[in-house]
Amino acid sequence: MPIALITGASKGLGRAAMYALAERGWTLVVDARNGGELRSATQGLAEVTAIPGDVTSPDHRSRLAEAVGTPGGRLDVLINNASTLGVSPLPQLADYPLNALRHVFETNVIAPLALIQLLAEPLTDASGTIVNVSSDAAVESYPGWGGYGSAKAALDQLTAVLGAEEPRLRCYAFDPGDMRTEMHQLAFPGEDISDRAEPHTVVPALLRLVDERPPSGRYRAADLAIPEVAR
Ligand SMILES: NC(=O)c1ccc[n+]([C@@H]2O[C@H](COP(=O)([O-])OP(=O)(O)OC[C@H]3O[C@@H](n4cnc5c(N)ncnc54)[C@H](OP(=O)(O)O)[C@@H]3O)[C@@H](O)[C@H]2O)c1
């Protein structure tokens, strides 16, 4: 069975992707910082190894790589999904605390690249797929979204260059669109977000990347969505 590593799998999109791949019988390595929430999300999933920890920690990333089986192992899919919104309510760039911005870049840019570097061999051996979860904030200029958005823009560019540098891999920046999750609620504190899509509705689009392996690039879930009639 294929093996995938999904970061940030205790809730939201990461958890929905984990359930979908576990249902297919894939072997999975997953993480999140809150060990209790990660344990309850993975309960009953036989082929899932849960490693609690923070993607910004080099030690934690090493433990993830060990769980994947490096050296000598293979990794079919890496989903860099864990991410931080940064300061909430979202500040204007003129007021953005720089240490908080550093942490946003550490989590949303440095950590995904660090995992890619650490797992380059098992990914290449498997002619694997990297999905870096991005956002429309990477390409739109929404006031307040400059910290998170500029980090996602950096992640997009990093993904694009990797795609050019690593012809044996598929490297995707995946924009899931708005989803009803804790992160989204943090971006809109106190607002009713019940009209946003449930994260599991985005998973079929993500799985199209994994299954069909189109050319490396940036993809929006909305453009990959499978029409109801075709399902
Ligand atoms: N929701 C949206 O509308 C939306 C729109 C565009 C893009 N996105 C992107 O979609 C992805 C998933 O977001 P979501 O809305 O599903 O978020 P979510 O529901 O808040 O879940 C985030 C997951 O990541 C984990 N996580 C956060 N920071 C981590 C860290 N430093 N190390 C390890 N795990 C960490 C969280 O668990 P712990 O807190 O326990 O660590 C949780 O499991 C993110 O990349 C986000 O930027 C979301």
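Indexing begins at 1, ligand by ligand and atom by atom, following the structure's order. Any value given below was found using the heavy atoms of this structure, including those in side chains, with hydrogens, waters and symmetry copies removed. Residue numbers run from 1 in the order of the sequence given.
One side chain, D192 or S194, offers a donor N or O that lies under 3.5 Å from an acceptor on the other. Side-chain atoms of R218 and T159 include no donor-acceptor pair closer than 3.5 Å.
At under 3.5 Å, not a single nitrogen or oxygen of A32, backbone or side chain, sits near a nitrogen or oxygen of ligand 1. The distance criterion of under 3.5 Å between nitrogen or oxygen atoms is met by S83 with respect to ligand 1.
Distances below 4.0 Å separate heavy atoms of A9 from the following atoms of ligand 1: 43 (O). In the vicinity of D178, heavy-atom distances shorter than 4.0 Å reach the ligand 1 atoms 3 (O). Residue-ligand proximity, D54 to ligand 1, at heavy-atom distances under 4.0 Å covers atoms 30 (C), 31 (N), 32 (N). Shown in contact with Y148 at under 4.0 Å from a heavy atom are these atoms of ligand 1, numbered in order with element: 7 (C), 8 (N), 9 (C), 46 (C), 47 (O). Ligand 1 places these atoms under 4.0 Å from at least one heavy atom of G12: 16 (O), 19 (O).
Using a 4.0 Å cut-off between heavy atoms, R180 makes no contact with ligand 1 at all. Using a 4.0 Å cut-off between heavy atoms, A187 makes no contact with ligand 1 at all.
The closest approach between A41 and ligand 1 stays at or above 4.0 Å for every heavy atom of the residue.
Comparing heavy-atom distances from atom 10 (O) of ligand 1 across I6, N34, V133 singles out V133 as nearest. Around atom 4 (C) of ligand 1, the closest heavy atom drawn from M179, M18, R196 belongs to M179.
Protein heavy atom at the shortest distance from atom 14 (P) of ligand 1 is T181 OG1, 3.7 Å. The nearest protein atom to atom 26 (N) of ligand 1, hydrogens excluded, is given as A82 CB, 3.9 Å; this is a heavy-atom distance.
For residues 158-185, the pairs satisfying ring-ring contact (aromatic ring centres under 6.0 Å, His included) are Y172-Y219, H184-F188, with sequence neighbours left out.
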